[in-house]
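Read the structure below first, then the notes.
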Protein chains: 2
Amino acid sequence: MRIRDFSRPTTLNEDRLFGQVAQKLAVAIISGRIHAGELLPNEDDLRADISVSRTAYREAVKVLTAKGLVEARPRSGTRAAPRERWNLLDPDVLSWHLEADPNEKFIRDLFELRRFVEPSAARLAAQRRSAADIARIEAAYRGMVENPPYAEVTIRADLAFHEAIFAAAQNAALQCLASAVAATLQWSMLLKTGDEAAYVESLPDHEHVLTAIVERDGDLAAARMAGLVIDSLNTTLASLGSEVPEAKIARIKHTK
Amino acid sequence: MRIRDFSRPTTLNEDRLFGQVAQKLAVAIISGRIHAGELLPNEDDLRADISVSRTAYREAVKVLTAKGLVEARPRSGTRAAPRERWNLLDPDVLSWHLEADPNEKFIRDLFELRRFVEPSAARLAAQRRSAADIARIEAAYRGMVENPPYAEVTIRADLAFHEAIFAAAQNAALQCLASAVAATLQWSMLLKTGDEAAYVESLPDHEHVLTAIVERDGDLAAARMAGLVIDSLNTTLASLGSEVPEAKIARIKHTK
DNA sequence: CTTTCTCTAATCGTATGACTTTATCGCAGG
DNA sequence: CCTGCGATAAAGTCATACGATTAGAGAAAG
């Protein structure tokens, strides 16, 4: 049982039949149960799980094709695509990753990306934010403070905090990466539930980011956001049970 | 007539019927001919263009749903989604943008994203590159030098150059942004075909990035890549016929 | 024995029509 | 004015049939 459906609501309806099939197949591919070989558990094993018509099945496959997870060719069949082709930043693909087992390398990759992107987003937010943006970020921050750690509302507020900053940056392309950030946050929550200390410690850091944005100090906002990301990575990887010397060095470098 | 199908081959087959329908609808939505209101030109106007069955139409819609362009609800109909929901970084969505009229704000957004991301990618590439990576980047660079400017092979080589650098960075999530970079490059090509001077001038800059990566100098590679991006933005926006004072200031800041 | 060609068969793609589910809207009743 | 219930429109699902494409086997040629 996992957290799901936060961030922006994925248009791919999950209580629709084809959506369930898509999810089932996607998780099977992402988790590696289906390699880059033949997909389609013979189209009949599917019928075993849930009795679905060819229509529903095909529409599910179309969704997966659109996200790069599978490739269908006339005679050879529908195959699971190699990982390089997956749209890893697609919100659905990211959320399906949460259903599979944690893939440490991928989580690191996501955090690394976030480390490059989110400080820049914070800088832009500081430069471009409107009063409404501030209100939105503040509201999210209050949601984080006023609710118990790791409650659903709290997590939602955390996601909203980061998303609001992206929104304030006024860059549509950049904003699409908010779902990737949301994914890293959810990984954190999944992995370190119970470690309330780390969460509480991060609260002031969030506030500092907020004040930097309010004061329109781009460099400061970026630096503080970088610190936030690094800390998050460290505690997350710690929960994952691995050493992270390199990341710790990086923090010093980025926050100066 | 536009450049198309570079970068990684999109799995969404264009000579398949549902693919054509998807593209047609997507371009209509992206170009703004269909607003965030009712989609579905009544399912019959489509039959006017190309006579398509409900099956093909529905599968096309599923693809668009998967990419966030439309939302279908039982009673109210299938509507074009608001832009915030689009997966702007999806390779197909990006390439569909190339079919629509240039949207200056979006092009700027893409370049801005690229400015944040690609230097970091270059830095990682310098730190992590293998001999094979170098060979791939070099081969692409040679393709750029040895062919006439703006020829198809040349453009392809340019895209390959940048993509190879992303590959060398060894970060799957980051690599997904290569298609966004490819999109900006294609916009450049579309807008400033004929300006051979700008292209020829950029060649040494590419070579400098390459040598920095060869020498494993991360900071240098990042700085040089940043310069490349800014130059590209400037000449591109110039062709678009607008002033770009702010971007020029940025260059000084980033290359230091 | 190797190469090339053709032809088959498996699989995806497309077409149709009927039926089910969902949720909106309007009317009737409280 | 509010409440609820049923008509209704649109998407969703199912079943079936046929067409298009091509991998791969087997035949024919060298």
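Note on naming: letters A, B, ... go to the chains in the order of the sequence lines (proteins, then strands), and numbering restarts at 1 for each one. Side-chain atoms are counted along with the backbone in the values below, which use heavy atoms only and exclude waters and symmetry mates. Predicted model only: the values in this text are computed from it and were never measured.
- Contact check on B:Arg108 versus B:Glu104 returns a salt bridge, with a Lys/Arg side-chain nitrogen under 4.0 Å from an Asp/Glu carboxylate oxygen.
- The shortest side-chain heavy-atom distance between B:Arg85 and B:Glu71 falls under the 4.5 Å cut-off.
- On a pure distance criterion of 3.5 Å, no polar donor-acceptor pair joins the side chain of A:Ser76 and the base of D:dA23.
- Checked against D:dA15, C:dT14, C:dG13, the side chain of A:Ala72 finds its nearest nucleotide in C:dG13.
- In this structure, B:Glu71 places its CD atom 12 Å from P of D:dG12, rounding to the nearest Å.
- Along DNA chain C, the nucleotide nearest to A:Gly77 and the one nearest to B:Pro74 differ in position, and the one closer to the 5' end is contacted by A:Gly77.
- To the nearest 0.5 Å, atoms CG (A:Asn147) and CZ (A:Arg142) are separated by 11.5 Å.
- Between the CZ atom of A:Arg79 and the P atom of D:dT22 there is a distance of 14 Å, rounded to whole Å.
- The A:Arg75 side chain lies nearest to C:dA10 when the options are D:dA11, C:dA23, C:dA10.
- For D:dT13, the OP1/OP2 oxygens have no side-chain nitrogen or oxygen of A:Thr55 closer than 4.0 Å.
- A:Arg54 contributes no side-chain N or O that forms a donor-acceptor pair with the base of C:dT11 under 3.5 Å.
- Atom-to-atom, CG of B:Leu17 to C1' of C:dT14 comes out at 7 Å; the value is rounded to the nearest Å.
- Side-chain N/O atoms of A:Ser53 include none lying less than 4.0 angstrom from OP1 or OP2 on D:dT13.
- Across the protein-nucleic acid pair, B:Arg58 atom CZ and D:dA10 atom P stand 14 Å apart, rounded to whole Å.
- Atom CZ in B:Arg16 sits roughly 16 Å away from atom P in D:dG19 (whole-Å rounding).
- What separates NZ of B:Lys62 from P of C:dG13 is a distance of 16 Å, to the nearest Å.
- Between the OH atom of A:Tyr57 and the P atom of D:dT16 there is a distance of 19 Å, given to the nearest Å.
- A:Arg73 contributes no side-chain N or O that forms a donor-acceptor pair with the base of C:dT11 under 3.5 Å.
- We find that CZ of A:Phe18 is positioned 11 Å from C1' of D:dT13, with the value rounded to whole Å.
- Less than 6.0 angstrom separates the ring centroid of A:Tyr150 from the ring centroid of A:Tyr199.
- The distance from atom CG of B:Leu25 to atom CZ of B:Arg33, rounded to the nearest 0.5 Å, is 9.5 Å.
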